[in-house]
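We use all heavy atoms of the structure for the numbers below, so side chains are in, but hydrogens, waters and symmetry mates are not. Here is the naming used below: chain letters follow the sequence lines, and residue numbers restart at 1 for every chain.
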2 protein chains.
Amino acid sequence: MTSVLAVAKHAGVSTATVSRVLRGSLPVTAETRARVLEAVEQLGYQPNEMARSLRSGRGRGVALVTGDIEQGVYAALARDVQAELESIGLDLLLFNLGHREDRLHHLLERAPSLGLRGVLLSSPHVMDMARIGPVVEAATAAGVDVLSVSQDLSDFGLRSIVHDNVGGAAAAVRHLCGRNRGPVAFIGRIATSAIGRARFEGYRKGLAEQGQAPDPTLVWDISHGYRADAGYRVTGKALADGLRFRSVVAASDELAIGAMAAVADHGLSVPGDVAFSGFGNLEWGVYCRPSLTSVALDTEAIARAVGQTFSAGDNGAALPACRVIPTQLIVRQSA
Amino acid sequence: MTSVLAVAKHAGVSTATVSRVLRGSLPVTAETRARVLEAVEQLGYQPNEMARSLRSGRGRGVALVTGDIEQGVYAALARDVQAELESIGLDLLLFNLGHREDRLHHLLERAPSLGLRGVLLSSPHVMDMARIGPVVEAATAAGVDVLSVSQDLSDFGLRSIVHDNVGGAAAAVRHLCGRNRGPVAFIGRIATSAIGRARFEGYRKGLAEQGQAPDPTLVWDISHGYRADAGYRVTGKALADGLRFRSVVAASDELAIGAMAAVADHGLSVPGDVAFSGFGNLEWGVYCRPSLTSVALDTEAIARAVGQTFSAGDNGAALPACRVIPTQLIVRQSA
DNA sequence: CTGAAAGCGCTTACAG
DNA sequence: CTGAAAGCGCTTACAG
């Protein structure tokens, strides 16, 4: 592979000058610049990223830490963040925890030696900050930007970019109550998911607006399970137990479709007997029948905010500690 | 950050010895080894990955190139490949082409200077090998292992790991015909997707087994569109045009759910009037109603085969040029 | 079995 | 505005 040295010789300059032209840092004569660029062009020179990283102290990689990339929302986030990072010359490394949260600690520990430019935490799990805190600080001190892109961790000094989960869930409850769809049940991970908690909080808030409080028998915490099957089982059990509810706010579209299947398999109709609202506004929710009413999340906006943070450089201090991205209820057939 | 030098001093040995202990390469006395390991432990030493990469000529990153990470199958592949790579000490970089195939060329060009250990091509697009070939060769020559994990490119010298798409589609047709569900239509990307072509080939083969040939009016190439909306539109048009068909083989679950929605919106029933079979066996297909019959893909098996390739080292020559992973039809309510 | 030394390919003070 | 030189933190022949 051709190196700076080859380019320098070809252009009749020093390696320092080549580097300066390519960095665009210090001033260089227009003609020197042109000669260097021509040499780069002719030799097809590509700067060695490993050498550059070593010398400058860190690389261009940003790790996205997900809990479960197979969930539609995280796949969308990965896509949008990758596109955004690529546009500013950064690479996305994917770390899927698969709900084994202990691996996060290990990754954060290694982040500086890997030369990571940043770490984006998007696992919804409730973070054990007592354990994670020290290693986050060490990474930050070493120049790794650690951001939270799912839950608000600004109290722990982590810049956060989060959806308005409370507002989204409250809007769903408001919509359902407006159509006289009470009692409203809730399905989500509450004990183990910070996002689930926020959505439950929105559910509670929405009910409070109607002068109601959550009925504990209609709050279904599926912290032991995940995705559609959890929604299916918990809803099936509720029906078998004879609980009365006219609608369900599910903390994800996956949970919602599982719950709808349970209702259908129980011989009830959607939305006639039970109405549903999900979270994520995933594509398949638009095409299942009945189509799924859902709180839309704006992963592109998250990605843009992430990009801003990495572009900000030293004046990043001006950015807010916690940025909240609005959510929007999209009404379809299920509610 | 603590470096080898610090560890060496602490252990009273040279940096070379520290490196040998950590690499586990050349022989070292048990006690020297113990001293070094203790120093590593006490200082919390983590080898600098950037320096190691520079010195050894390449890093530990493997790029996964997808066409559309939001499609369930690719998200599952990303998850499984990441887990497999992590188990052998490699990192996954995600490059989502977003169906802009020109970017593949650019990535392959940069692969050596990025120090990539490998590139996994999982875009389904028909590759322009005349254009891609030279840059693949250059990357390979520079030590980057380029694999195809979606389409068979072994004729072009690329080790390939692919699903049995032909067999899967043929099995779907066989199942539908066995239930007297002809005429059978096909939806997929044919002109622009190598995977779509393979599935179409399986469709043709399945029909041939019944002594039939494809009816051109029932072969719907959606090379201009993607995902559920394309399935919805093309099926809606077929219904509006008054075409007669009793079942549909869709080249993805996304296309299938879109097509099912079109049938439902047309006032017909699934599977009563039209039966459906998809590809991917995605989770939401299990819970939509009617649930979706689908050809299951084994992304874990793909991931394992990828891991084997990277673990193989020099005796990788023993691995087959093209490995075919079996697929399996999962019958549910839609067919 | 171990150490001294060179070098991977860059970038960046330091001089001029 | 440009060059000579040092050095980022490792690994690996080369000696011993």
Under-4.0 Å side-chain N/O to phosphate OP1/OP2 contact, [X] with [N]:
| X | N | value |
| --- | --- | --- |
| B:Ser19 | D:dT12 | no |
| A:Ser53 | C:dC10 | no |
| A:Thr17 | D:dG3 | yes |

(request) Among the candidates D:dA4, D:dC1, C:dT2, find the nucleotide nearest to the side-chain atoms of B:Val28. (result)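 Looking only at side-chain atoms, B:Val28 lies closest to C:dT2.
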Check salt bridge (Lys or Arg N to Asp or Glu O under 4.0 Å) between [X] and all other residues, then give those that pass, not counting sequence neighbours.
| X | result |
| --- | --- |
| B:Asp68 | B:Arg227 |
| B:Glu101 | none |
| A:Arg33 | none |

Taking only residues two or more places apart in sequence, or in another chain, which ones meet [X] in a side-chain contact (heavy atoms from CB on, under 4.5 Å)?
| X | answer |
| --- | --- |
| A:Ala301 | A:Asp298, A:Arg304, A:Ile325 |
| B:Ser53 | A:Met50, B:Glu49 |
| A:Thr29 | A:Glu31, A:Thr32 |

(request) Take atom C1' in C:dG16 and the same atom in C:dT12, then report the distance between them in whole Å. (result)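 The answer is 16 Å between these two C1' atoms.
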(message) Just to be sure I understand: a Watson-Crick pair is purine N1 to pyrimidine N3 plus N6-O4 or O6-N4, both under 3.5 Å. Using that and G-U wobbles, which stems of three or more pairs involve DNA chain C?
(response)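 Ordered by first number, the stems with DNA chain C (at least 3 consecutive pairs each) read C:1-3 with D:14-16, C:5-12 with D:5-12, C:14-16 with D:1-3.
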Pairs under 3.5 Å (N/O, protein and nucleotides 13-16 of chain D):
{"unit_1": "D:dA13", "atom_1": "N6", "unit_2": "B:Arg20", "atom_2": "NH2", "d": "3.0"}

Tell me every residue that passes side-chain hydrogen bond (donor to acceptor under 3.5 Å, both in side chains) with [X], counting only those two or more places apart in sequence or in another chain.
| X | answer |
| --- | --- |
| A:Arg131 | none |
| A:Arg79 | B:Glu70 |
| B:Gln71 | none |

Sort me out a list of protein N/O and nucleotides 7-9 of chain D N/O pairs below 3.5 Å, or just none if empty.
{"unit_1": "D:dG7", "atom_1": "N2", "unit_2": "A:Arg55", "atom_2": "NH1", "d": "3.1"}

